[in-house]
Amino acid sequence: MSRMQKAAWLAAAAALLLSACGAGGQEAASGGREAAGSSANAAALPGAAGASPGAVAEPRAGVEPGAPASPGDAAGPRAAAGSGAAVSPGVAASPAPDGPVSAQPSPGAAGAGTAMTPKPDAPSKEEKPVPERKRKLPSGFVYVDEVIPTAQYEIRYYTDHNFVGARLDGYKAPYAILSRQAAEALQEAHDFVTSKGYGLKIFDAYRPAKAVRQFVAWSKDPADQRMKEEFYPEVDKAKAFQLGYISSRSGHSRGSTVDLTLFELKTGQEADMGSPFDFFGTISSHGTPNIGKAPSERRALLKRAMERAGFKPYSKEWWHYTLKDEPYPRRYYDFDIE
């Protein structure tokens with residue numbers, strides 16, 4: 001073999017040897033990296049108290065094993081998988097979607113550093129205390145809720161949710177007061193509607209004369225229209241007395257007239273009667289054709305119950321009833337509700 005042929009043969013043999021060594025080295029290096037990554041993850045897991053088995057980081061989409069982490073990745077719990085960076089104890093990182101994400105603790109993983117701040121309870125509404133009853137009622141009058149405890153009571157004139165838009169004079173507490181005869185008759189009506197799946201809800205009962213005088217003053221103030229849209233959208237308030245929606249001397253002040261509606265026993269919700277309480281308009285009249293069948297039937301039920309118990313209706317207001325044999329037919333009281 002010539003000298004030149006020997007040199008060529010040696011060069012080819014060396015190239016083959018180097019190629020084989022390079023492949024083996026790459027496999028060894030890859031195995032070393034995988035082993036190092038597994039060791040890092042295994043070292044991180046035992047320190048996570050209560051960590052779920054397998055709560056390890058998954059590779060981030062588009063990141064090759066062993067690739068350097070993006071700036072800032074090492075600071076967060078979602079370090080690039082396979083880079084050898086430790087996963088925060090108890091945190092299972094999932095493939096990152098587009099945009100920033102925050103790591104969430106895996107179920108039951110209460111690892112150190114992953115404590116979550118308890119969500120505060122929603123603030124509760126503080127209810128204003130109901131004024132204590134002074135029990136200074138004239139002889140023959142009673143608190144209606146002591147006679148009919150299972151009825152509902154929403155004394156509107158104790159609030160500003162009424163056609164005046166303010167609490168009325170003399171309403172110092174949200175109590176319904178009636179003559180004893182009217183209250184006992186009302187109990188009969190309540191028992192009747194209860195048998196039909198309803199109960200009575202009281203909006204107003206005895207009304208001090210001073211409150212009626214406040215109605216008069218309100219009607220003479222054309223600038224005050226704050227409650228017009230809700231209670232009298234098509235009525236000139238100056239004509240409210242003339243049209244019969246309010247009176248300068250109210251039967252309520254005699255102590256045997258009541259404004260009321262029905263509520264559903266199953267739900268406790270106020271029943272739909274076709275128009276709201278104290279709405280000035282023909283839709284509030286008995287027998288109006290402008291409401292649906294169900295509200296008409298409920299009005300008829302209320303009317304039947306009240307008439308059976310000895311009350312008479314007022315044609316323009318489906319909620320207004322007066323005891324026929326009222327005990328004080330000519331006396332108008334002005335004591336405060338308290």
Side-chain angles (χ1 to χ4, degrees), residues 130 133 135 137-158 171 173-208 247 250-278 284-288 291 294-333 335 337:
V130 177
R133 302 167 202 256
R135 299 192 178 280
L137 304 181
S139 176
F141 282 80
V142 296
Y143 292 103
V144 182
D145 64 310
E146 294 182 344
V147 178
I148 320 174
T150 55
Q152 289 186 359
Y153 299 85
E154 185 185 341
I155 309 305
R156 286 287 189 87
Y157 298 135
Y158 177 73
Y171 284 78
Y175 296 121
I177 295 171
L178 284 174
S179 67
R180 181 174 296 280
Q181 292 91 327
E184 291 175 350
L186 196 60
Q187 172 71 70
E188 294 181 27
H190 181 67
D191 291 343
F192 180 78
V193 298
T194 296
S195 69
K196 307 297 183 181
Y198 293 93
L200 296 181
K201 180 174 183 177
I202 315 301
F203 290 126
D204 194 35
Y206 158 74
R207 184 182 303 162
S247 173
S250 173
H252 283 275
S253 300
R254 301 195 299 264
S256 294
T257 295
V258 61
D259 291 339
L260 75 174
T261 188
L262 299 173
F263 73 89
E264 297 178 358
L265 292 180
K266 286 185 178 180
T267 65
Q269 298 299 310
E270 185 177 323
D272 178 8
M273 304 295 276
S275 70
F277 162 66
D278 254 1
S284 294
S285 300
H286 283 285
T288 177
I291 60 175
S296 294
E297 290 175 346
R298 295 189 192 102
R299 288 189 186 187
L301 172 62
L302 178 59
K303 186 171 181 283
R304 181 183 175 195
M306 295 299 284
E307 289 179 333
R308 287 177 80 258
F311 290 87
K312 57 185 177 182
Y314 177 51
S315 63
K316 293 189 176 183
E317 297 176 347
W318 60 259
W319 57 83
H320 180 111
Y321 290 87
T322 299
L323 188 67
K324 291 179 181 178
D325 297 325
E326 55 181 313
Y328 314 111
R330 297 179 188 80
R331 186 169 180 180
Y332 293 82
Y333 290 86
F335 63 89
I337 299 171

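- Separation of atoms CD (Glu184) and OG (Ser179) is listed at 9.0 Å; rounding is to 0.5 Å.
- Between Thr150 and His190 there is a side-chain heavy-atom pair separated by less than 4.5 Å.
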Could you walk me through whether Leu186 and Ile202 pass the side chain to side chain contact (heavy atoms under 4.5 Å, CB included) check? CA-CA 10 Å; Leu186 196 60; Ile202 315 301; 3.9 Å; yes

Leu323 and Gln181: CA distance, side-chain angles, deciding distance, side chain to side chain contact (heavy atoms under 4.5 Å, CB included) verdict: CA-CA 8 Å; Leu323 188 67; Gln181 292 91 327; 4.0 Å; yes

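- Side-chain contact, Ser275 with Trp318: a donor N or O sits under 3.5 Å from an acceptor N or O.
- The two residues Gly268 and Gln152 have their closest heavy-atom pair at O-NE2, 3.0 Å.
- In this structure a side-chain-to-backbone donor-acceptor pair under 3.5 Å is missing from Tyr328 to Ser253.
- The aromatic rings of His286 and Tyr321 lie perpendicular to each other, with more than 60° between the two planes, well past the 30° mark.
- Side-chain contact check for Val147 versus Leu178: every heavy-atom pair is 4.5 Å or farther apart.
- Between Tyr198 and Arg298 there is a side-chain heavy-atom pair separated by less than 4.5 Å.
- What you find for Pro276 and Ser284 is that their closest heavy atoms are O-OG, 4.4 Å.
- A distance-only check finds a donor-acceptor pair linking the side chain of Ser195 to the backbone of Phe192 [under 3.5 Å].
- Contact of the Lys196 side chain with the Leu301 side chain is registered, since non-hydrogen atoms from C-beta on lie closer than 4.5 Å.
- Checking side-chain atoms of Tyr206 against main-chain N and O of Phe335 turns up a donor-acceptor pair under 3.5 Å.
- Within the 3.5 Å criterion, the main-chain N or O of Met273 finds a donor-acceptor partner in the side chain of Arg299.
- Every pair passing salt bridge (charged side-chain N to carboxylate O under 4.0 Å, His left out) that includes a residue from residues 259-273 is listed here, sequence neighbours excluded: Lys201-Glu270, Arg207-Asp259.
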Is there a side chain to side chain contact (heavy atoms under 4.5 Å, CB included) between Ile337 and Tyr158 once you walk through the steps? CA-CA 9 Å; Ile337 299 171; Tyr158 177 73; over 6 Å; no

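- Counting non-hydrogen atoms of neighbouring residues, nucleotides and ligands closer than 6.0 angstrom, the CZ atom of Arg180 reaches no more than 12 such neighbours.
- Distance CD1/Ile177 to CD/Glu146: 10.0 Å, rounded to 0.5 Å.
- Scanning both residues, Phe311 and Ala182, for their nearest heavy atoms gives CZ-O, 3.5 Å.
- In terms of heavy atoms, Ser296 sits closest to Ile291 at OG-CG1, 3.3 Å.
- Annotation for Met306 and Ala189: closest pair SD-CB, 3.7 Å, computed over non-hydrogen atoms.
- In this structure, the separation between CG on Leu200 and CG on Leu260 is 5.5 Å, given to the nearest 0.5 Å.
- Interatomic distance, Tyr332 OH to His252 NE2, rounded to the nearest 0.5 Å: 12.0 Å.
- Between Ile155 atom CD1 and Asp204 atom CG the span is 6.5 Å, to the nearest 0.5 Å.
- Remark: of the listed residues Phe203, Trp319, Phe277, Phe203 is the sole one forming a side chain to side chain contact (heavy atoms under 4.5 Å, CB included) with Thr261.
- In this structure, OH in Tyr333 is found 11.0 Å from CG in Leu137, a value given to the nearest 0.5 Å.
- For residues 303-314, the pairs satisfying salt bridge (charged side-chain N to carboxylate O under 4.0 Å, His left out) are Lys303-Glu307, with sequence neighbours left out.
- Annotation: side-chain contact (heavy atoms from CB on, under 4.5 Å) contacts of Tyr314 (sequence neighbours excluded): Lys316, Glu317, His320.
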